[in-house]
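A short worksheet on the structure shown next.
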Amino acid sequence: MNDHRTEKTGIPSWMCQEEDYMSSGDKEAFLTKSTKSVLSVLAKLRFNEGKDGRFSAAPSLKLFYTILFIILTASSKNYLFVLIMCAAVTVRLAFFSAAAIRQILSGTAGAVLISIFLLLPAVFMGNPQTMANITARVYVSVTLVGILSAGTSWNRLTASMRTFHVPALFIFTLDITLKYISVLGEICVDILRSISLRSVGKNPDKARSFSGVLGITFLKSSEMAEEMYAAMCCRGFTGEYEKKQKYEPCVSDIFYILIMAGCAALFIYLNKIAA
């Protein structure tokens with residue numbers, strides 16, 4: 001009687017051979033460019049809490065003086081006022097962290113470069129002061145918007161719009177649209193990363209992968225829309241943005257009100273001189 005414990009088991013020859021599989025090369029420009037595009041959009045959408053500084057003014061006041069400063073800068077007839085606003089905005093920008101300054105200036109640099117490119121004919125026609133004037137105004141306006149975005153929480157900023165009687169439907173559409181772009185962008189990045197990790201060899205049908213990404217994103221969007229509607233019904237949301245706390249001015253608000261008054265007085269004085 002043979003004992004199975006004394007029998008010898010041999011390894012198949014195919015298991016002793018070295019792996020010599022060579023995958024065919026394939027270009028991943030579609031996945032790389034798509035991922036970079038989505039990530040660049042997501043980098044500009046930040047809804048994190050706690051961005052308000054310790055001595056920040058009320059969000060409604062921030063929104064008001066940002067619009068006021070942009071209007072005064074755009075309508076000023078004296079270039080000196082524009083230069084003063086450039087200096088003031090740069091000083092205010094210096095109080096932010098390095099990451100916030102980088103984020104704000106990345107948007108400002110693009111707007112300034114576009115304005116310079118569009119105004120190059122004015123330089124060749126003998127009006128270089130036109131390019132300097134408009135470029136400075138663009139710098140002030142875009143940087144002020146960036147400062148408002150980097151220094152104010154998104155939920156408090158949308159809530160402050162009700163102070164200026166902005167329709168609730170507009171606030172709701174703006175709020176949900178931007179947040180959906182952020183959430184769906186993260187889903188797209190995860191899908192593209194999973195496709196990249198699972199891709200072996202050459203993919204001759206890249207259009208099918210693209211349609212698959214769009215299809216999954218659409219299904220996730222429909223599912224999240226139903227879940228959001230159910231959550232709103234459970235919380236009793238009726239589409240109205242109500243302020244629960246009564247506004248009480250603080251020291252920071254008074255300080256910024258004085259700055260607004262001084263800026264308006266300087267605007268009137270310098271424009272009288274220019275006239």
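Positions are given from 1 along the sequence.
- Criterion: ILVMFWY side-chain heavy atoms under 4.5 Å apart, direct or through other members. Under it, Leu113 and Leu105 are not part of a common hydrophobic cluster.
- Looking only at distances, no side-chain donor or acceptor of Asn78 sits under 3.5 Å from a matching main-chain atom of Asn271.
- Ser141 pairs by the side-chain hydrogen bond (donor to acceptor under 3.5 Å, both in side chains) definition with nothing, not counting sequence neighbours.
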Yes or no on side-chain contact (heavy atoms from CB on, under 4.5 Å) for Met85 and Leu72, after CA distance, side-chain angles and deciding distance? CA-CA 10 Å; Met85 290 300 299; Leu72 294 180; over 6 Å; no

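- Through side-chain heavy atoms spaced under 4.5 Å, either directly or across other Ile, Leu, Val, Met, Phe, Trp or Tyr residues, Leu83 is tied to Tyr79, Val82.
- Every residue two or more places apart in sequence or in another chain that forms a side-chain hydrogen bond (donor to acceptor under 3.5 Å, both in side chains) with Tyr139 is listed here: Thr90.
- Clustering of Ile, Leu, Val, Met, Phe, Trp and Tyr side chains at separations under 4.5 Å places Val91 together with Phe95.
- Not counting sequence neighbours, the partners of Ile114 by the side chain to side chain contact (heavy atoms under 4.5 Å, CB included) test are Leu118.
- Residues passing the ring-ring contact (aromatic ring centres under 6.0 Å, His included) test with Phe81, sequence neighbours excluded: Phe267.
- Thr135 pairs by the side-chain hydrogen bond (donor to acceptor under 3.5 Å, both in side chains) definition with nothing, not counting sequence neighbours.
- Phe218 and Ile216 fall into different hydrophobic clusters, defined by Ile, Leu, Val, Met, Phe, Trp and Tyr side-chain heavy atoms under 4.5 Å apart, directly or through other members.
- In terms of the side-chain hydrogen bond (donor to acceptor under 3.5 Å, both in side chains) criterion, residue partners of Asn133 (sequence neighbours excluded) are, by chain and number, Arg137.
- Residue Phe64 holds its CZ atom at 10.5 Å from OG1 of Thr66, rounded to the nearest 0.5 Å.
- Atom CG of Leu93 and atom OG1 of Thr143 lie 6.5 Å apart (nearest 0.5 Å).
- For the pair Val145/Ile70, a side-chain contact is recorded, criterion being any heavy-atom separation below 4.5 Å from C-beta on.
- Contact of the Lys62 side chain with the Ile147 side chain is not registered, since no non-hydrogen atoms from C-beta on lie closer than 4.5 Å.
- Residues passing the side chain to side chain contact (heavy atoms under 4.5 Å, CB included) test with Ile268, sequence neighbours excluded: Lys272.
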Applying side-chain contact (heavy atoms from CB on, under 4.5 Å), run through Met260 and Leu61 and close with a yes or a no. CA-CA 10 Å; Met260 285 191 296; Leu61 185 61; 3.5 Å; yes

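- Nearest heavy atoms, Phe96 versus Ala100: CB-CB, 3.9 Å.
- Residues Ile104 and Ala150 approach most closely at CD1-CB, 3.8 Å, considering heavy atoms.
- Ser222 is linked by a side chain to side chain contact (heavy atoms under 4.5 Å, CB included) to Glu226, counting only residues two or more places apart in sequence or in another chain.
- When each of Leu68, Val89, Ile67 is checked for a side chain to side chain contact (heavy atoms under 4.5 Å, CB included) with Leu144, only Val89 meets the rule.
- Qualifying side chain to side chain contact (heavy atoms under 4.5 Å, CB included) partners for Ile84, counting only residues two or more places apart in sequence or in other chains: Leu80, Leu266, Leu270.
- Thr73 places a side-chain N or O within 3.5 Å of a backbone atom of Phe69 that can act as its donor or acceptor partner.
- Residues Val142 and Ile71 fall within the same hydrophobic cluster, defined by Ile, Leu, Val, Met, Phe, Trp and Tyr side chains chained together at heavy-atom separations under 4.5 Å.
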